Asker: 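Below you'll find the structure I mean.
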Amino acid sequence: MREGRRLAGRYAVIWSAPGGAPGGARLGVVAAKRVFRRAVDRNRAKRLLREAFRLNRNALRRDVDVVLLARAAILEAGRAAVERDLLALAARARLLADGKEPELR
RNA sequence: CCGACGGGGCGAUCGGUCGCCCCGGUGACGCUUGCGUCGCCGGGGAGGAAAGUCCGGACUCCGCAGGGCGGGACGCUCCCGGAACCGUUUCGGCGGGACCGGGGGGCCCCUUUGCCAGAUCGAAGGGGACGGAAAGUGCCACAGAAAACAUACCGCCCGCCUUCGCGCCCGGGUUGGGCGCGGCAGGCCCCGGAAAACGGGGACGUGUCGCGUCAGAGCGGUGCGCCGAAGACGGGCAAGGGUGAAAAGGUGGUGUAAGAGACCACCGGACGGCGCCGCAAGGCGCGUCGCACGGCAAACCCCGUCCGGAGCAAGACCAAAUAGGGAACUGGAGGCAGCCCGCCUCAUUUCCGCGGCGCGCAAGCGCGGCGGGAGCAGUUCCGGGUAGGUCGCGUCAGAUGAAUGACCGACCUCCGCUUUGCGCGGAGGGACAGAAUCCGGCUUAUGACCUCCGUCGGUCAA
RNA sequence: GGGCGAUUAGCUCAGCUGGCUAGAGCACUACCUUGACAUGGUAGGGGUCACAGGUUCAAGUCCUGUAUCGCCCA
């Protein structure tokens with residue numbers, strides 16, 4: 001991951017590196033204690049990122065590993081907004097599976 | 001009835017789909033043959049505070065025969081209930097128990113109010129970390145005379161002394177004054193006279209002088225004074241003054257030089273005296289005391305009860321590499337020979353013991369040999385221990401970076417539109433907040449709803 | 001997870017066994033010194049003692065709770 005690519009979005013920062021598993025891309029989530037002081041906020045941030053990743057896992061390339069770092073603004077966002085942010089980031093990082101274009105608006 | 005605030009309870013509905021963590025079962029695949037990945041079935045999956053870490057306990061290690069010092073925590077009394085846990089047990093129970101809740105009682109403080117007033121008391125409401133201030137030590141700033149074995153600043157009173165004033169008495173009686181008498185002079189009136197000259201008389205009391213008498217200030221007095229003032233000294237008193245958070249009972253009287261519980265009445269108070277009531281904390285009565293002995297112990301401290309220390313990052317087990325420790329065994333290198341025994345050459349730190357050879361008169365020195373120990377080197381083994389791992393943490397959550405989410409529907413709440421209903425649209429299902437060994441307590445944070453309680457406001461009725 | 005400590009002026013710190021006006025240095029302001037500046041001198045301003053409650057006649061100090069910051073232990 002130290003050599004991986006990094007891109008920042010509104011609600012998250014994404015790292016990516018070659019890897020992957022038979023089931024598809026693997027995920028790691030990070031919520032820093034400096035950013036989210038309360039444990040309930042850290043859990044909320046990680047759950048939002050995890051859900052957004054799960055719902056869009058098939059849209060991503062299968063041969064990469066991904067780490068998502070939550071940013072402070074994510075607490076104000078809903079699930080759909082986090083999903084859109086994640087897909088936009090994946091597109092910029094060239095992480096989308098071949099032949100599939102995100103439906104960005 | 002409504003609203004606000006405080007306190008308490010509760011912190012939450014049903015169904016479906018897709019995912020996550022753990023356990024049990026099962027199947028497929030992969031290979032380092034016991035794990036990994038994926039799937040299916042069944043079960044379980046955050047809180048009242050999981051939080052703060054303020055306490056108590058279980059548990060673990062250290063220590064351990066027992067106790068003390070030091071340090072710390074708690075503190076009215078009685079009853080009932082709950083309680084993690086501990087001890088004991090005949091497994092029914094019994095005893096203890098940090099702490100929590102409820103009720104009754106006592107004591108103290110504050111506010112309001114009622115007593116003529118005051119000390120103080122009663123009532124109502126509220127509050128109390130509520131053992132001891134008569135074991136000891138310490139502190140009580142400023143102000144005030146005095147702040148804790150009370151004191152005497154101002155003040156009140158008495159005595160004495162000094163000075164002064166006032167009054168009285170006495171002495172002295174200047175100038176002057178009043179009264180009386182007298183002399184002289186002057187004016188006025190009357191008579192004589194021509195006359196305003198002169199003479200006589202009269203009244204007046206104008207001036208002056210003398211005598212007598214009366215009063216008499218200033219001044220003086222070792223004088224007197226139920227007079228007064230000031231000051232010094234000696235003594236009595238503690239009522240009044242004012243300061244302060246706090247000043248040694250209150251009111252009225254008697255009394256006194258002045259006063260004071262000095263004495264008296266009533267009220268209040270104290271008692272480590274007695275009696276009675278109450279399980280007790282305490283209360284009441286009697287008696288005694290004219291009534292000195294304040295506050296602070298969330299100051300040191302004393303009394304009673306309790307506590308050994310550290311903490312799951314405790315601790316237990318498995319255990320690589322490297323370095324170091326211990327034990328046992330072996331003793332280097334080369335050549336000859338090669339089945340074994342063996343033989344030759346070179347090298348070999350130090351100590352002890354034994355005997356041998358050589359030199360030397362001797363002490364001793366040198367040479368090589370045997371045995372033992374240490375060191376060194378090698379091999380093997382052992383233990384400690386680091387990285388790492390497993391357990392601790394199994395009990396209906398069980399993680400070594402930590403799992404509970406998303407969507408749909410029902411239902412509910414609120415807002416808007418609509419004449420109501422029906423219906424439509426929108427928002428929301430809410431706050432505080434996420435287990436990390438477990439349990440109990442405390443504290444703090446909290447939306448909606450509920451209603452038990454309290455305070456305040458509004459409206460309605462009586 | 002567990003065990004501890006601190007908070008006083010803009011900054012760094014004192015403040016004893018509760019009491020007198022909460023002080024010191026740097027910084028800031030004004031004036032003096034200089035042609036001007038630095039330095040120096042004089043004077044001055046600036047404090048919810050982190051917050052809340054309690055004990056006490058009286059709290060920065062004592063007690064309790066809260067908040068924030070920091071340290072240590074595998």
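Order of the sequence lines sets the chain letters (A, B, ...), proteins ahead of strands, with each chain counted from 1. Basis for what follows: all heavy atoms, side chains included, without hydrogens, waters or symmetry-related copies. In this text, all values refer to a predicted model and were calculated from it rather than measured experimentally.
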Asker: I want to verify a distance call: between B:G405, B:G434, B:U404, whose nearest atom is closest to the A:Glu51 side chain?
Answerer: B:G405

Asker: Just to confirm, is there a sub-4.0 Å distance from OP1 or OP2 of B:A403 to any side-chain nitrogen or oxygen of A:Asn43?
Answerer: yes

Asker: Using both distances under 3.5 Å as the test, list the Watson-Crick or G-U wobble partner of C:G1, or none.
Answerer: C:C73

Asker: Nearest 0.5 angstrom please: A:Leu86 CG to A:Leu48 CG, how far?
Answerer: 11.5 Å

Asker: Could you tell me which nucleotide pairs with B:C376 by Watson-Crick or G-U wobble geometry, both distances under 3.5 Å, or answer none if nothing does?
Answerer: B:G331

Asker: Taking atom P in both C:U68 and B:C432, compute the distance separating them and give it to the nearest angstrom.
Answerer: 16 Å

Asker: Let me confirm one number: the CG-CZ distance from A:Asn43 to A:Arg50, rounded to the nearest 0.5 Å.
Answerer: 8.0 Å

Asker: Which heavy-atom pair separates A:Arg92 from A:Ala8 by the least distance, and what is that distance?
Answerer: NH1-O, 3.5 Å

Asker: To the nearest Å, how far apart are A:Leu49 CG and B:C20 P?
Answerer: 17 Å

Asker: Under a 90° cut-off about 0 for the syn range, is B:G92 syn or anti?
Answerer: syn

Asker: Both distances under 3.5 Å, Watson-Crick or G-U wobble: report the partner of C:G10, or none.
Answerer: C:C26

Asker: Which nucleotide, if any, forms a Watson-Crick or G-U wobble pair with B:G27, using both distances under 3.5 Å?
Answerer: B:C38

Asker: Pick the P atom in B:G118 and in B:U256, then give their distance to the nearest Å.
Answerer: 32 Å

Asker: Send over the distance from A:Leu48 CG to B:C407 C1', rounded to a whole Å.
Answerer: 14 Å

Asker: Any donor-acceptor pair under 3.5 Å between the side chain of A:Arg47 and the base of B:G434?
Answerer: yes

Asker: C1' atom, B:G388 versus B:A320: distance in rounded Å?
Answerer: 8 Å

Asker: Working to the nearest 0.5 Å, report the span between CG of A:Leu69 and NZ of A:Lys46.
Answerer: 11.5 Å

Asker: Between B:A229 and B:C267, how many Å separate the two P atoms, rounded to a whole number?
Answerer: 45 Å

Asker: Who is the Watson-Crick or G-U wobble partner of B:G122, with both distances under 3.5 Å?
Answerer: B:U113

Asker: Taking a pair as Watson-Crick or G-U wobble with both distances under 3.5 Å, which nucleotide is matched to B:G366?
Answerer: B:C357

Asker: How far does the C1' atom of B:G454 sit from the matching atom of B:A73, given to the nearest Å?
Answerer: 35 Å

Asker: Counting Watson-Crick and G-U wobble pairs only, both distances under 3.5 Å, name the nucleotide matched with B:C414, or none.
Answerer: B:G426

Asker: What's the gap between B:C296 and B:C301 when it is taken at their C1' atoms, as a whole Å value?
Answerer: 13 Å

Asker: May I ask you to evaluate whether A:Arg44 reaches the phosphate of B:A406, defined as a side-chain N or O under 4.0 Å from OP1 or OP2?
Answerer: yes

Asker: Return the nucleotide paired to B:G165: Watson-Crick means purine N1 to pyrimidine N3 with N6-O4 or O6-N4, wobble means G-U with N1-O2 and O6-N3, both under 3.5 Å.
Answerer: B:C227

Asker: Is B:G48 in the syn range, within 90° of 0, or in the anti range?
Answerer: syn

Asker: Measure the distance from CG on A:Leu69 to P on B:G401 and round it to the nearest whole Å.
Answerer: 18 Å

Asker: Using the P atom in both, what is the distance from B:C237 to B:A260, to the nearest Å?
Answerer: 13 Å

Asker: Would you mind telling me which of B:U404, B:A406, B:A46 lies closest to the side-chain atoms of A:Arg50?
Answerer: B:U404

Asker: Tell me whether B:A46 sits syn or anti, counting syn as a glycosidic angle within 90° of 0.
Answerer: syn

Asker: For atom C1', what is the distance between B:C64 and B:G82, given to the nearest Å?
Answerer: 37 Å

Asker: Which heavy atom in A:Ala12 sits nearest to a heavy atom in A:Leu89, and how many Å separate them?
Answerer: O-CD1, 3.7 Å

